[in-house]
Amino acid sequence: MSYFGEFKDLIQEGDLALVWISRDNIKPITVDSKEFFNTRYGSFPHRDMIGKPYGSQIAIRTKGSNKFAFIHVLQPTPELWTLSLPHRTQIVYTPDSSYIMERLNCGPNSNVIEAGTGSGSFSHAFARNVKHLYSFEFHEARYNQAKEEFEKHGLINIENNVTITHRDVCESGFTIKKGDVTSNQFKDDEEYVNLEANAIFLDLPAPWEALPHLDTVISKDESVGLCCFSPCIEQVDKTIEAMEKNGWINIQMVEIQSKQYESRRQMIRTLDDALERLRDIKSHKLEGVARRKREFENMINEEKKLDTNANKIDKKDISTQTEKPTSKKAQNNRPIIAKTKFNPFGKGSRVREGDTNFQWKQVSKVETEIKSHTSYLTFAFKTITNTRDEELFQKELEFTTSKPSSHKK
Amino acid sequence: MSYFGEFKDLIQEGDLALVWISRDNIKPITVDSKEFFNTRYGSFPHRDMIGKPYGSQIAIRTKGSNKFAFIHVLQPTPELWTLSLPHRTQIVYTPDSSYIMERLNCGPNSNVIEAGTGSGSFSHAFARNVKHLYSFEFHEARYNQAKEEFEKHGLINIENNVTITHRDVCESGFTIKKGDVTSNQFKDDEEYVNLEANAIFLDLPAPWEALPHLDTVISKDESVGLCCFSPCIEQVDKTIEAMEKNGWINIQMVEIQSKQYESRRQMIRTLDDALERLRDIKSHKLEGVARRKREFENMINEEKKLDTNANKIDKKDISTQTEKPTSKKAQNNRPIIAKTKFNPFGKGSRVREGDTNFQWKQVSKVETEIKSHTSYLTFAFKTITNTRDEELFQKELEFTTSKPSSHKK
Amino acid sequence: MDSSKVISFNQHVVLELPSGNLKIAELRPNNSISLGKFGAFYINDIIGYPLGSRFEINYEVKEGEEGFAEDSKEKKKPKHMQKKIPIGKAKLMIETPAINETSDDNEDRSDSIGTIADELEYENSLNNKNLNIKGNPSEIQELSMAEIEEMKKQYANTNSQDIINKIIQSHKEFNLKTKYSQLKYLNRKKSKFSKEFIVHKMTGRLLLNYLIDKGDIQRIMDMSEESIGMILNYGNVKSNGKYLVIDETGGLLVYFMMERMFGHVTENDMENKKFEGEIIVIHENEHVNLDLLKFSNYSEKFIKKHIKSISILDFFEPPTEEEINNGFTKLTREELSKLSNGERNVYQRRIKGYYKQCQIVELTKNDRKYDGLIVASTLQLTQLIPRLGPKIHGSRSIICYSQFKEILLELSHELYSDLNYLAPTLMETRCRPYQSVRGKLHPLMTMRGGGGYLMWSLKVEPAPPIPSIEIEPKEDISETKNEETEAETKKQKI
Amino acid sequence: MDSSKVISFNQHVVLELPSGNLKIAELRPNNSISLGKFGAFYINDIIGYPLGSRFEINYEVKEGEEGFAEDSKEKKKPKHMQKKIPIGKAKLMIETPAINETSDDNEDRSDSIGTIADELEYENSLNNKNLNIKGNPSEIQELSMAEIEEMKKQYANTNSQDIINKIIQSHKEFNLKTKYSQLKYLNRKKSKFSKEFIVHKMTGRLLLNYLIDKGDIQRIMDMSEESIGMILNYGNVKSNGKYLVIDETGGLLVYFMMERMFGHVTENDMENKKFEGEIIVIHENEHVNLDLLKFSNYSEKFIKKHIKSISILDFFEPPTEEEINNGFTKLTREELSKLSNGERNVYQRRIKGYYKQCQIVELTKNDRKYDGLIVASTLQLTQLIPRLGPKIHGSRSIICYSQFKEILLELSHELYSDLNYLAPTLMETRCRPYQSVRGKLHPLMTMRGGGGYLMWSLKVEPAPPIPSIEIEPKEDISETKNEETEAETKKQKI
């Protein structure tokens, strides 16, 4: 079984494994007891992994300090593999690929055509579940890269349910013949491969050019599903046109819109606490204001003592009797207001989300940048045969009615 | 001021009001002390409303019973008006209309063209906020209906910032002349209306036919915004083509996707409770099983007593000594199992969401049917003038530099 | 015949009616199926054609050959009151791709583009400008409802195109509609009078759509096909896995898993192919509810072999082998032969129980770990998942479905603070279907709002406690989740 | 000059740089503005043209006429190290609609449609088939980064088209790209070397985009334009309203409201037009934070007249008139004249405080009710809103914004059980922009995820308690919210 096919328990020498450093940083390794996995925090010796169960966290002391760094060693799956690919690659992401696989009813009965191979991310998902995958790639460098990868991952050589072919399917169709640039191993008497495809995925700039070639390679006696993956709406239009022209029916275009959410917390800040905080500040301030006011009025009063008109102000003095002015030039002597004490929300300090000194409410936040569009998916179906074998039907009828009951129940 | 324009405090005779029966059932009434508002629960006399503040809940005893029915009397707003319209009408819903108004920077400086008027829902929102709205409707029946409604709502006659014209703008453009079928009141010396539009909203099947007519009616000396509202992507394509041809720039198409959520509760059902419930059921069952087992084994034993081979079974009897078999034919006498007592989730009874005998978690649920598409909004901008008045510029420069500082700081 | 490809006897199929509604039927030989107002047909007529074929019911049968079928809707009425549906001959239709069916009815405003409808030869208008908007539809449609009903009654002997032509003739304003409106109108009418139907292969997708049609969406936890697709892929469901599953959808989820793991399994396959995979279904009631599997084409034997069920109580508190052996005595052949029939039945029940108990012991053995945990349950997940987690092997997927995001948010917070779970991720996926008609492309105006949410995480094995030296992991190594960085990790980068 | 239409002196405008970035500038007469690497220009050159005009900086100036502008980015460096930006002449460009700017760079796979690009005359390929995929871009681009940097240094005296031509010549595989790829590539390069800029009118939309560009999205609570649009419409914001507002976005929300209520207000308008509307801003700190209004073109006087602020403490616990009068003594003109400058300043501060206190009393009077409650606050809303509610007049809108749905969910549950609030509604709106290029139409591949959520409700006045007879409202009259139907109403149909 391939490294993707088998459920392995323990990490073993020679395994293809994925090292999880962080969500955005997942790296494939081939386990080799003499090797090290290097990160900027230090080197993780492969021998620390060998013999441990998959999923194990591995710790090392970080370089030049007594701190620790951790990685997880995972067994590859098509989805993890997709996550590990650099983002600039052309990737069919899991929300799209999983929907396409479901809608084309992919399973052990499926013979799938995929064109083009691209980054190979979708190929891995197909390979996991279908009887056979025929992948076509028109770009030579990408073909070689993907073929090498499929071999390394055991899809071609071990699992043996993937065939990759270098081909411009728009020009040359899907038939794989002896002599083609393909991973297929022809037997001596075999001239071409009988694809019998019943599920087709076209990720091509001009799928309408490839459509007419399909009839010769699809399964004749069943309903065959087709999905074209196109970023622009004009491509969809041309695709639908070609589908109709080539006898495909039940055409429907859909978009998959998926989102991821971050689990976050927002501090619970009650109005009551906010009010109490302001009261606290106010009372500190009032002290200062009262002091300034006394100073000011004393100053006025002093001048008024030279005046006759003192009555009017006297009544205001009632509340300001207790303290003495500290200075005549009050405006230059603003009293320092004591730091307030009631600080329910930790203002002024950096509070970490989830700090247990505060109360929090669980909230979800959509990822900062969402993949708002991948491509339009245009589905269609076709059945080539439209007759029945009357002889077979009669035989079946006799057989079925002769049995007391069917195999079910 | 119109019934939409003024903030009214009290419900008064003659007012246009909206009666809220339920979210899907909002009805306009003209308050008339002799009238009644009839529902299937009974009649609400208008005189019960008059003099009460807007927003008041009105109660009546329901027909033929001692129960009560309630309505709320609301002052109309464009948004409530939109909610009150029957769904089959062509409505520009608030998520779209509010975005368009924002993006076209609608406010007291805006002169707006709207074609077509349709249900008039968007017209009300425009009328609330802009200097003047020029609405065009090509369908005569709709024109008359809308004009009547605008008059009734005080938009044409009281607020006087709405003009509606019966017109196929694709054919005849936007200039409103004396003699046209329009709500505009021409002054004696006035031959045509100077629209000076700086914001345009086209909700037409073929906006590209109307576009060439815009240049003559839009404001010349400022940037003018345009939004075309089209359900199909092919219309967008044609619209962009026409915009480019007619010198509109900064073209961008967007979609507004909005959702409403229901506030719901899901019962908190812990694993521990579920386990306890099964234990409870099991213990009741075990009683029964033990009984049946005793019966069965007693039966066997009775037969075995006649046999010699009794040893093997004796050891099993330890746990079944206490009770006596009640019948020989055990299989026909299955004991009735007592109803279990521990029922933490209220199984078997209909539990109402939020029932305080249970614990609940607040959850949100998107509305059952969402408006997944309204229309595509294609925005573009245009400035006709591209010179400056050098004389005015010099005057302005002198004036500005002669002042010690501008009006702003 | 290959029952995975052609319509075969004793198979469950999904019938798509002209109305778009779905019906599940079992194809018993020599029987007939009634489609209610759309007619009835003999099953034998459709056997042997490829699954996915479209048929029309043809009533031009020779005299004396007519049959009648019972209408399931009429079953509640007394026998003599039941309306019998005449049975016609189902004839294969060769598909001519016409206007697509995934359109909705809500956009007259776009009526004047009209790039299709070449097939229409009725007079039409460039737009709907002169259509009476205020009028009641019945005023425009000159045929009264009663007349149409009358036509419907007679329709068994009428060609549906005739009815439609009649209706068009009597529609006062038909010629005022645009071509596109006309086409739509015709499609709408056609769906009422047509006698066409499609025989689809039973698939999870169609079973789901059937349940949605029936309004059973709450029963299946509001799950959408796209969410299920994500469950299958993120759950790494494949033919050789052993999965621990909680399925409160009555078997829908398990059925989807079976399709992915086993495909279509014929009797022949069961003898000749090796099937390894297993689904262990944990349930919170006494008995498992996988009712929907009754619609599947898997044999009881196959289901029994690959789907095992166990209650949460048995799962968490399994009996010991000793208890089981103590609780049951195997009788010898000799003893057995002495039992009466009744006694033998009792014994049979008990022996079945005994094997079930043995299976429980087997499934819950301490060293038995599963290749994935797939949960669609309304039990509180924050308690449930950490208790099931230890049964999952390292590096395997945990995927939970919930109708509500808030439930999974709570769970992801819980798992985030547990070193046994890596990177809990909250996801949502929605499929947005388009009116896929050339010249009139746009998303459907309305669609179902739900579909649920997913939480995906990987089971991992934390590194053993680190010897007694100072531990102070750098903050920027994410996902390290040590106590020291707890506050940091609470701000989850997902 | 009408400053609402043409670029005017002493106005705040938003400059759009070739990179697409935004910059806010005040247009002081006879000054210059530096756009960093894109050059610098004299303000006087752009005055008088319509707002929204595009200019190019032209460096073909006569000798001796060059000036230099300071680059704000260089300010931190010591004076003699600062790179000065030469000032060119800003020349109006007549727009020729070229390729649209709202494209993204992520879809080579669609390269062979190519219905545009007639203007391109470079050799091109039908698809990108032979493009080196593995290679580092720098291998393909023969000009080294150093060379390009060198060119950039000289660019002030180089025509940007020249640079671009040079780059194309040195791009090994340029001819292998499709026309569309070429066009994209050129646009990308152009944005680096172009000296064009657009002078936009200051609007809320652009202020918002400016803040998003700057990465200040958290400061404005992750608000999107579409959410603000909903706030304004559902909040029924219009020129004659008096609104109670909490705005934790530093004034962004208030600025949007002012635009909607008052539009562009010139000095002239202030004298001749009647402005009624008022925004009363409640804040939880000592001082209100409406910093962003500094970018607005409203005068301080106008702002002071129409925007009033009050702390939550003063709002909920206002001083009495008596307290205020007791706390302050108005001096007579005679007394005033005797004060020293310092003393007069102190007195001025105190008199300002006094008026502020009077305003508080005015704003919090018991019978004063507001025309709407508009809240964008991170205070716990379940406590806040019911306490503010009594200040809102019946039938007026309450609209709350939150970055998180869970916060509003809690609030809507709270309001649902309170008879003073009608139909709390939880809403979300998202604008999805498209690459709006003919032949290449599709939604942008990525977009900002946030934008927030809204809760809308109407303030109502419950009917007075009903006389002592049996009350038993029918369950199916929704929204009645009587104690008897509490359990029913908890299942909220929203």
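Lettering of chains follows the sequences in order, A, B, ..., and the numbering in each one begins at 1. As the structure is a prediction and not an experimental result, all values here were calculated from the model.
Proximity to chain D (any heavy atom under 4.5 Å) is shown, for B:Asn25, by neither the backbone nor the side chain. Contact annotation for B:Val363: only backbone heavy atoms (N, CA, C, O) come within less than 4.5 Å of a heavy atom of chain D. Using a 4.5 Å cut-off between heavy atoms, B:Leu80 touches chain D through its side chain atoms alone. If you measure heavy-atom distances from D:Ile47 to chain B, the contacts under 4.5 Å come from both the backbone and the side chain. Looking at D:Asp2, neither its backbone nor its side chain comes within 4.5 Å of chain B, counting heavy atoms on both sides. Proximity to chain D (any heavy atom under 4.5 Å) is shown, for B:Phe381, by neither the backbone nor the side chain. Of the atoms belonging to D:Ile46, it is backbone heavy atoms, and not side-chain ones, that fall under 4.5 Å from chain B. Of the atoms belonging to B:Ile11, not a single heavy atom falls under 4.5 Å from chain D. Using a 4.5 Å cut-off between heavy atoms, D:His264 contacts chain B through both its backbone and its side chain. Heavy atoms closer than 4.5 Å to chain D are found in both the backbone and the side chain of B:Glu102. Using a 4.5 Å cut-off between heavy atoms, D:Gln11 does not touch chain B at all. Contact of D:Leu409 with chain B is made through backbone and side chain together, with heavy-atom distances under 4.5 Å. With a 4.5 Å cut-off on non-hydrogen atoms, B:Thr383 touches chain D through its side chain but not through its backbone.
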Worked verdict on D:Asp371 versus D:Lys238 for side chain to side chain contact (heavy atoms under 4.5 Å, CB included): CA-CA 10 Å; D:Asp371 296 325; D:Lys238 51 186 179 178; over 6 Å; no

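Both the sub-6.0 Å distance and the 45° axial angle are not jointly satisfied by B:Arg61 relative to the ring of B:Phe68.
Side-chain polar atoms of B:Thr82 and B:Ser121 form no donor-acceptor pair below 3.5 angstrom. A donor-acceptor contact closer than 3.5 angstrom is absent between the side chains of B:Gln252 and D:Tyr434.
Salt bridge B:Glu353/B:Arg264: present, at least one basic N to carboxylate O contact under 4.0 Å.
The most heavy-atom pairs under 4.5 Å with chain D, out of B:Asp237, B:Thr77, B:Leu74, come from B:Asp237. Per-residue counts of heavy-atom pairs under 4.5 Å with chain D were compared for B:Pro108, B:Ser219, B:Gly107; the largest is that of B:Pro108. Note: B:Arg128 leads B:Arg128, B:Lys365, B:Glu390, B:Lys8 in heavy-atom pairs under 4.5 Å with chain D. Listed options D:Thr429, D:Leu454, D:Asp269 were ranked by heavy-atom pairs under 4.5 angstrom with chain B; first place goes to D:Thr429. Counting heavy-atom pairs closer than 4.5 Å to chain B, the top residue among D:Thr203, D:Ile228, D:Ile231 is D:Thr203. The residue among D:Cys431, D:Gly48, D:Ser227, D:Gly263 with the most heavy atom pairs within less than 4.5 Å of chain B is D:Cys431. The greatest number of non-hydrogen atom pairs below 4.5 Å with chain B, out of D:Lys242, D:His393, D:Glu259, D:Glu226, is found for D:His393. Your options are D:Lys405, D:Arg432, D:Lys369, and the one with the most heavy-atom pairs under 4.5 Å with chain B is D:Arg432. The most heavy-atom pairs under 4.5 Å with chain D, out of B:Lys52, B:Met101, B:Lys395, B:Lys131, come from B:Met101. For the options B:Asp221, B:Leu392, B:Thr385, heavy-atom pairs under 4.5 Å to chain D are most numerous at B:Asp221. Counting heavy-atom pairs closer than 4.5 Å to chain B, the top-ranked of the candidates D:Arg396, D:Met427, D:Lys201 is D:Arg396. With chain D as the partner, the residue from B:Asp389, B:Leu397, B:Ile58 showing the most heavy-atom pairs under 4.5 Å is B:Leu397.
Ring-plane geometry between B:Phe122 and B:Phe126 is classed as parallel, the angle between the planes falling under 30 degrees on a 0 to 90 degree scale with a further cut at 60. The aromatic rings of B:Trp81 and B:Phe4 sit perpendicular to each other, their planes meeting at more than 60°, with 30° as the lower class boundary. Classified by interplanar angle (parallel below 30°, tilted 30° to 60°, perpendicular above 60°), the ring pair D:Phe262/D:Phe275 is perpendicular.
A 4.5 Å side-chain heavy-atom check between B:Tyr376 and B:Ile233 finds at least one atom pair inside the cut-off. Within the 4.5 Å cutoff, side-chain heavy atoms of B:Glu241 are placed close to those of D:Arg438. Contact check for B:Val19 versus B:His72: no side-chain heavy atoms found under the 4.5 Å cut-off. Between D:Ser395 and D:Leu458 the shortest side-chain heavy-atom distance does not fall below 4.5 Å.
D:Ser436 places a side-chain N or O within donor-acceptor distance of the main-chain N or O of B:Met253, the cut-off being under 3.5 Å. The closest donor-acceptor contact from the side chain of D:Glu276 to the backbone of D:Asn240 lies at 3.5 Å or more, if one exists at all.
Side-chain rings of D:Tyr49 and D:Phe55 approach one another, their centers coming within less than 6.0 Å.
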